[in-house]
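Working notes, structure below.
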Amino acid sequence: MLGALCGALVTSALTAVLYLADQLAGLPFVPFDLFDWVTRVLPGAVVTTGISLMIDTMLLLNVSVAGTAKTAEQVMGVSQFLLLGTVSGALFFAVFKMRGARPDILAGVMAGALLGLPTVAISIVIGGSTLQPVLVVLWLAAAFGVWGLALRESYVRLYPEENFLEPREASGASSGVERRQFLIRMGAATATITVAGSGLGYMLAQAARREIEAETASLMPHGSVEQPRVSFPNAGDPVMPAPGTRPEYTPLKDHYKVFIRSKPTRIDGETWSLPIMGMVDNPMSLTIDDIRSRYESRDQFVTLSCISGRVGTDLISTTQWTGVSVQDILADVSPHSDARYLYITSGDGFYESVSLDMIASDDRIMLCHSWDGHPLPIDHGFPLRIWLPDRYGMKQPKWITGIEARRDLKQGYWVERGWDAVARVESTSVIDTVATGSAYEREGTTFVPIGGIAFGGARGVSKVEVRANKGPWREAQLRAPLSETTWVVWRYDWPFESGSFFFEVRCAEGDGTGQIEKRRGNHPSGATGLHGFSVVT
Ligand SMILES: Nc1nc2c(c(=O)[nH]1)N[C@H]1C(S)=C(S)[C@@H](COP(=O)(O)O)O[C@H]1N2
Ligand SMILES: [Mo]
């Protein structure tokens, strides 16, 4: 028990110090690295179940999945590390009690090494830190060494002198008091380190974030950060969203975020360049300036969605993507005629293949450098990501660091972990609002605006229908979408009745194909089924 407590205390101080060092010097934050490693090596099915469980919990608690998932993962990462430290502390105490020996300094260092060595190896392999490995090793050795020594010190203080088998209270009341006093002092000391370290670290993190955002913004040739450059092609559309419908154009800060690591990957835009190699006649390496200036950039309004989402969850967002057609770049590198795929690798260890046939068939496929008129935000893949129309996000690497033309297919990160290799977006429709507060009267009838979105990937949406209590389907009005690759905002003005209602919505794709109404979970090909909304009017 005491061992577990001491383990928890020194590990929380260690966690805070590691966090601070991460913010100060870019040294690895071991708890995240460990967690990322665990999720990478666990079988895909286990990770998928874990993620599903997390999403289901959030739906149950009725919190935003997009807004909470990453924080939840980070909390799990830190908890896992604290648990590891707690168990290590308990083991350390148990071993020395069993052996009836007093741990010497070496034992403390050994304990640090036992926990530290595998951790250091993982941190280096998974490579979040861009610092010299020697530095990383020295720092982590010191940090874990001190951790072990602190654990040893607490053991020696709690089980002093000759009678280390029995806690002090055996030899008198005053020793129990001393023990308690020591624990209080130790608690206070570790709490101070934990609070000060994480508080300072947090402030540094915020400052660094602001600085990087300012820097990436200055890389953009035109316009200032404050001026929205985006204008909406459907501004004049008479079909207005029902009050309470989500924004048709997602504010950038609200765009959902999904990535495999605990932290977004930081890439230095000044030194970054993109090698395009493998089976090509002219291998090239392009800087972000090359990409922006040598090729014609195009804008495209895009709805992106995550295959892990459930029907109606918020892992779907819309913004304007700007980038260059992959066809234009391929024209310069000239892939060999027997090359069949581009294998794309990312700064965070993510990877995916895109077939050259698909690229040849669609000039919209782009290497995207800007969102919403600004350089890609760090979280969303700065400096470069790919866009594939009609595919879930899992097929579309962010933070691209390399492209290789290949003959053989290397499956992507999530495909290897059991998700659909094609990952074509399933069409879906969602009720955002039954706006009883905005009821209005026309020709003696009261109407309640009902509204939401429908998304059919790049196949578009031709029809949306709504029904109440399993009654007949009624056609909704469609607002013109921002583009052929975004969701459609729909609205149905429902003739008001009072009672208890269950509304459902369905859509048809551009060619009339109905959305799949059968309920199906997200794994492996994306969720399907009707979205419903209950209200008492
Ligand atoms: N490098 C990299 N790219 C990635 C991922 C990732 O973890 N790493 N996640 C993918 C997944 S699963 C999704 S849904 C989208 C999410 O993009 P967003 O976070 O910009 O919304 O990014 C895709 N590209
Ligand atoms: Mo995703």
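Worth knowing before you read on, the calculation uses all heavy atoms, side chains too, and leaves out hydrogens, waters and symmetry mates. Atoms within a ligand are numbered from 1 in the order they appear, just like the ligands themselves.
With 3.5 Å as the limit, one finds a donor-acceptor pair spanning the side chains of Ser273 and Ser285. Defined by atom type and a distance below 3.5 Å, a donor-acceptor pair is missing between the side-chain atoms of Glu73 and Ser262.
The protein atom (non-hydrogen) at minimum distance from atom 24 (N) of ligand 1 is Gln396 O, 2.8 Å. Looking at atom 9 (N) of ligand 1, its nearest protein heavy atom turns out to be Val258 O, 3.5 Å. Looking from atom 23 (C) of ligand 1 to the surrounding protein, the closest heavy atom is Gly393 O, 3.1 Å. For atom 14 (S) of ligand 1, the closest non-hydrogen atom on the protein side is Tyr256 OH, 3.1 Å. Scanning the protein for heavy atoms near atom 17 (O) of ligand 1, the closest one is Arg385 NH2, 3.1 Å. Atom 8 (N) of ligand 1 has Asp348 OD2, 2.7 Å as its closest protein atom, hydrogens excluded (heavy atom only). Here the heavy atom of the protein found nearest to atom 3 (N) of ligand 1 is Lys398 N, 2.8 Å.
Salt bridge annotation for Arg459-Asp390: present, with a cationic side-chain nitrogen under 4.0 angstrom from a carboxylate oxygen.
Annotation for ligand 1: atoms under 4.0 Å from non-hydrogen atoms of Ile260 are 6 (C), 7 (O). Interface of Ser346 with ligand 1, defined as ligand atoms under 4.0 Å from a residue heavy atom, comprises 1 (N). Residue-ligand proximity, Pro397 to ligand 1, at heavy-atom distances under 4.0 Å covers atoms 3 (N), 24 (N). Counting the atoms of ligand 1 from 1 in the order shown, those under 4.0 Å from a heavy atom of His255 are 21 (O). Here is the list of ligand 1 atoms found below 4.0 Å of a heavy atom in Cys306: 14 (S). Counting the atoms of ligand 1 from 1 in the order shown, those under 4.0 Å from a heavy atom of Trp371 are 20 (O).
In Phe350, the part holding a heavy atom less than 4.0 Å from any atom of ligand 1 is the side chain. Under 4.0 angstrom from ligand 1, there are no non-hydrogen atoms of Ile307.
Figure legend: cation-pi geometry between Arg292 and Tyr295 absent, as NZ or CZ is not positioned both under 6.0 Å from the six-membered ring centre and within 45° of its axis. Because its NZ or CZ atom is not both nearer than 6.0 Å to the ring centre of Phe32 and within 45° of the ring axis, Lys263 does not count as a cation-pi partner of that residue.
By the 3.5 Å distance cut-off applied to N or O atoms, Trp399 is not counted among the residues near ligand 1.
Arg261 does not count as a contact of ligand 1, since none of its heavy atoms falls under 4.0 Å from the ligand. Distances shorter than 4.0 angstrom do not occur between any heavy atom of Trp419 and any atom of ligand 1.
Screening Asp314, Thr433, Val430, Val489 against Arg246 for a side-chain contact (heavy atoms from CB on, under 4.5 Å) leaves a single residue, Val430.
Relative orientation of the His380 and His255 rings is perpendicular, given thresholds of 30° and 60° on the angle between their planes.
The side-chain heavy atoms of Trp371 and Pro377, taken from C-beta on, include a pair separated by under 4.5 Å.
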Taking it one step at a time, do Trp399 and Phe259 satisfy ring-ring contact (aromatic ring centres under 6.0 Å, His included)? CA-CA 10 Å; Trp399 302 297; Phe259 38 86; 5.6 Å; yes

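Under a cut-off of 6.0 angstrom, the local environment of CH2 in Trp272 is crowded, with over 12 non-hydrogen atoms contributed by other residues, nucleotides or ligands. Residue Tyr202 qualifies as open at atom OH: its count of foreign heavy atoms under 6.0 Å is 12 or below.
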